Amino acid sequence: MSKFLYSILLISLSIMSFGQMKNNEFLEQKRAEYKKYIRYVGGWMFDIRNATPKQLEQLKRQEKLKSIAKDRFGFSIGAVLAGTNQTLAVRFQQNTNSKVYDGNSFAWGERTYYNNYIIAGDANVEFADVSITRENAKNYRFHVVANDRKEIVGWTTPTIFKKTTDGNGTYVYLGSYNCQVNGYIKIEIYNIKDYSDRAAIMIDWRPVSKAVVSVGVDYKMKNRSDGLYYASLDKLKATKYHNVIGTTSLNDKKFFLSDSVVRLNIQFKKTSFNYKAELIKKSKDKPEKFELGNYDKSFYIYKEFWKVPGEYELLLTPKLTLPGGTPVHYLSNKSNSYKFTVLPEKEEIKLFSKKQLIIYALIICAVLGTILGVAVIYIKKKEAKKLAQQSKEKQIAQLQLNSVRSQLNPHFLFNALAGIQNLMNKNEIDHANRYLNKFARLTRNVLDSKELISLTEEKTLLDDYLQMEQLRFGFQYKLNANTDLDTENIEIPSMLLQPFLENAVKHGIAEKGASGNIEIDFKKQSSDLILSIRDNGKGFDTAKDYNGLGLTLSKNRISLLNTIYKDTPFILDIQSGINGTVVTITLTQWL
Amino acid sequence: MRAVLVDDEQANLENLQVMLARHCPEVKVVAIANNIQYAYEKVNLHRPDLLFLDIQMGKTTGFDLLNLLSEKTFEVIFVTAYDNYGIQAVKFAALDYLLKPVDPDELKSAVFKAKDRIASKINGEQLNFLLNQIKRTEPSVPKIALPQQHEIRYVSVDDIIRCVADNTYTFFYLSSDEKILISKPLKEYSDLLKPQGFVRAHQSHLVNPKFVKSWLKEDGGTLLMNNGDKIPVSKPNREVVKAVLGK
């Protein structure tokens, strides 16, 4: 260790040096006061008599850094190196030919940037921290990573303390690290109790290289407003896809001037230092040169700089500074030039003049407009006619439906009356009363001529009816509504099932007596409502047009309903065999 | 319970008497009357708890009798042969009624409810509401009585935005931003309010078209209400809804 002479680079602050003042007593007094009380820390001047605790702490740290610096300051470096919160220090090995430059600072977390040093050579480094004390050292962890990839030292608590030779300061020593040939290392340190208390330094041994760039043209595409398109100048295939590009060989990069071309887009292979960018317009007599600025990631050269067709050269020169920012070194032996040619705008073949075009366009518009207008009027008229026709049809259907419903009345009513008569003749007063009420309910339903009734009501009516008929014929029946049906609120056309039920009773099971059976089911199948009546009567031939009054009327009625509920057709299905008849009415998409 | 029966047909009076004796022995018929004049005297004389009142009696109505009686300290169960305009008014007032021929079960239930109401003494108010509704000469927007558990709300039909079925209950959404639950099925209000212009958009939704902002095409048909609520229109109801909205 002692072989090395180290210099300490620390985060110190400029000290006010006072200019010569006039030999004036007042000024002398002021100067003494200044010297005694006024301090510059972190770019701020303050009076130590009314400084904030934070300022005092920064002042203390600065004093300490100065003390360490005096001790080891063999390597002259600029004064202000970083913000006042930087506490990490680095020493470079002295006995080499290495040069140290300032690199572009880097971020660790948001908004906080840390120093980066470029070593041209193979000097080793040592790190130290001046804010850590023996008391708080246990709260800190540091690690060292090579090439953002390999941890040379894992997260470690600092333990080695060293004293400056003048005995004024103690600092924590964070180790010595060898040169990474063609690589870089980063030291990061943070307080485990306060992550905002952190610092880092990067040392980069990668040789300063010529700029590596890829260049393209940003342009707008006709009839599209979705931003800019990028066309590479460095790809031969680009010529095929972007008509602004005219590159024919990689030694001859070309593009065409046009209104749509916006700018050149230059992307660097990232480095930790800047390149100075200059654009040279070649010319026989006198080349023109524009300074474009310093860049390390990407930049644009707008059309203004190359609006004249011709040959251009983009010259990129590494720009390095000694720590602190001065002096500036341009490494012209590492310059790189990128040549390209701007071609004049492609001539478009124009068939018509602008004026002619406008006139033709107007004529075509007028003709098309007239045709369209006539077509729209024609279609609207036709549509209105169709609608009127449809509503007329619907009205007729509604009227017919009403008449069909009333036609059902006598047929049904007299059957029901016959049932009650039968009870009266048997002198069953209580029964007669009950059935009279049922009859009243049924009659009321017919007379009410309500178009729709709820499933609950329909069920009650069917039940009333079946109880009355049961009295006459003595059959069995079941009436089921699936529990997934909201029977209270689902509505169906009234008197829909009644005629089929009458048929089932009269022609199906009337003669079977107690062995007759009728099952009525209300079911839901996806969005269809399925109503079915099943009897175990002797059946009939569905192929023959069965002339029972109720059935004919009902078929008629369903076809009328279908002209009204066009989108939700009713499907009637009758399956009849020797074992009985099943009538199913499906109200499609009803639910 | 002491009851007076009013009907212009002797047969009906006798019928009801027999049925009350058989099915509701707690009701004691203190008088029967076959015209309004006689009924007025009997009611004033007997101060009954309960009045069975026929609506249509020749040229007069049961409402005429009620108008004559200044103090309505009794419950009324209306009795009618057929669902005419009178019964509509009775329904709007949420009063009880029986249809002829009287069903024993319905009779029992009506008497049971009347007993309940006598205890809570809220009947006079409903009767006055009913008579006021009938007296209206100029065509104005009717009100409807909505019986809640402890009070009866009288709401103008124009203040009802929509009704939503919840099984045998109905939610009323009012323009005052209130939502009230009534223990009657939507079907009943649907029948009452459809003649007032309401439209059944869905098996669970009855809507006042005055509060419909627009017809949305989403989900095959949806009504957008002024307050931003969206009401589904089921497929079978689409044509009806469109017709009502004038589309």
Side-chain angles (χ1 to χ4, degrees), chain A residues 387 390-391 393-395 397-398 420 429-441 443-458 460 464 483 485-494 524 527-529 561-570 587-591, chain B residues 15-16 18-19 22-23 80-84 87-88 98-108 163-171 183-192 194-195 199-206 219-221 232-243 246-247:
Chain A
L387 276 177
Q390 271 181 353
S391 86
E393 273 171 20
K394 233 173 231 178
Q395 267 178 343
Q398 192 69 52
I420 295 170
I429 304 299
D430 261 353
H431 270 121
N433 245 305
R434 199 171 311 141
Y435 290 103
L436 189 68
N437 280 311
K438 290 184 196 302
F439 171 71
R441 205 147 51 191
T443 315
R444 217 181 286 282
N445 179 56
V446 174
L447 285 175
D448 272 350
S449 69
K450 276 192 221 162
E451 201 188 328
L452 297 168
I453 62 167
S454 72
L455 280 182
T456 304
E457 286 172 302
E458 174 75 355
T460 308
D464 284 348
T483 48
L485 287 169
D486 181 3
T487 54
E488 199 65 57
N489 293 304
I490 295 169
E491 296 187 311
I492 60 169
S494 61
K524 179 187 161 149
S527 64
D528 297 347
L529 176 63
L561 282 170
N562 279 337
T563 63
I564 291 170
Y565 296 101
K566 267 182 187 155
D567 296 334
T568 57
F570 290 54
L587 287 70
T588 57
Q589 301 192 59
W590 194 258
L591 304 175
Chain B
N15 224 341
L16 199 52
V18 170
M19 289 185 78
R22 186 179 295 182
H23 301 289
T80 189
Y82 190 61
D83 225 359
N84 52 18
I87 210 73
Q88 285 300 108
L98 291 170
L99 294 168
K100 292 187 239 181
V102 174
D103 183 287
D105 293 333
E106 285 172 16
L107 176 65
K108 277 190 260 183
C163 308
V164 179
D166 185 1
N167 203 5
T168 58
Y169 291 82
T170 303
F171 281 106
S183 67
K184 285 186 180 180
L186 180 64
K187 172 76 180 166
E188 261 185 50
Y189 291 107
S190 176
D191 289 344
L192 277 181
K194 266 184 190 170
V199 62
R200 188 83 174 256
H202 184 271
Q203 66 186 49
S204 305
H205 293 276
L206 180 69
D219 300 327
V233 180
S234 61
K235 220 171 178 187
N237 297 319
R238 244 171 252 170
E239 293 301 315
V240 182
V241 173
K242 277 182 185 170
K247 287 223 168 189

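Worth saying up front: this structure is predicted, and the values here are computed from it rather than measured. Below, read A as the first sequence line, B as the second, and so on, with proteins coming before strands; counting in each chain starts at 1.
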- To the nearest 0.5 angstrom, please state how far the NZ atom of Lys566(A) sits from the CZ atom of Arg238(B). 15.0 Å
- Item | Minimum heavy-atom distance Gln203(B)-Leu591(A), with the two atoms named | OE1-CD2, 4.0 Å
- Query: Ignoring hydrogens and geometry, is there a side-chain-to-backbone donor-acceptor pair from Asn167(B) to Asp486(A) under 3.5 Å?
  - Reply: no
- Query: What are the two closest non-hydrogen atoms of Gln589(A) and Pro236(B), and how far apart are they?
  - Reply: O-CD, 3.8 Å
- Can you tell me how far the CG atom of Asn437(A) sits from the NZ atom of Lys100(B), to the nearest 0.5 Å? 13.5 Å
- Message: Testing the basics here: between Glu491(A) and Lys194(B), what is the closest heavy-atom pair and its distance to 0.1 Å?
- Response: OE1-NZ, 4.3 Å
- Message: Is Asn237(B) close to chain A through its backbone or its side chain, or both, or neither, when contacts mean heavy atoms under 4.5 Å?
- Response: neither
- What's the shortest heavy-atom distance between Asn489(A) and Arg200(B), and which atoms? O-NH2, 2.9 Å
- Query: Between OH of Tyr565(A) and NZ of Lys235(B), what distance do you get to the nearest 0.5 Å?
  - Reply: 14.5 Å
- Task: Determine the option with the most heavy-atom pairs under 4.5 angstrom with chain B, choosing from Thr588(A), Asp567(A), Thr456(A).
- Result: Asp567(A)
- Message: I want to check something: taking the side chain as every heavy atom from C-beta on, are Ser234(B) and Thr568(A) in contact at a cut-off of under 4.5 Å?
- Response: no
- Message: To the nearest 0.5 Å, what is the distance between CG on Leu455(A) and NZ on Lys187(B)?
- Response: 10.5 Å
- Query: What are the two closest heavy atoms between Asp103(B) and Arg441(A), and how far apart are they?
  - Reply: OD2-NH1, 4.4 Å
- Honestly, the part of Val240(B) sitting under 4.5 Å from a heavy atom of chain A is neither
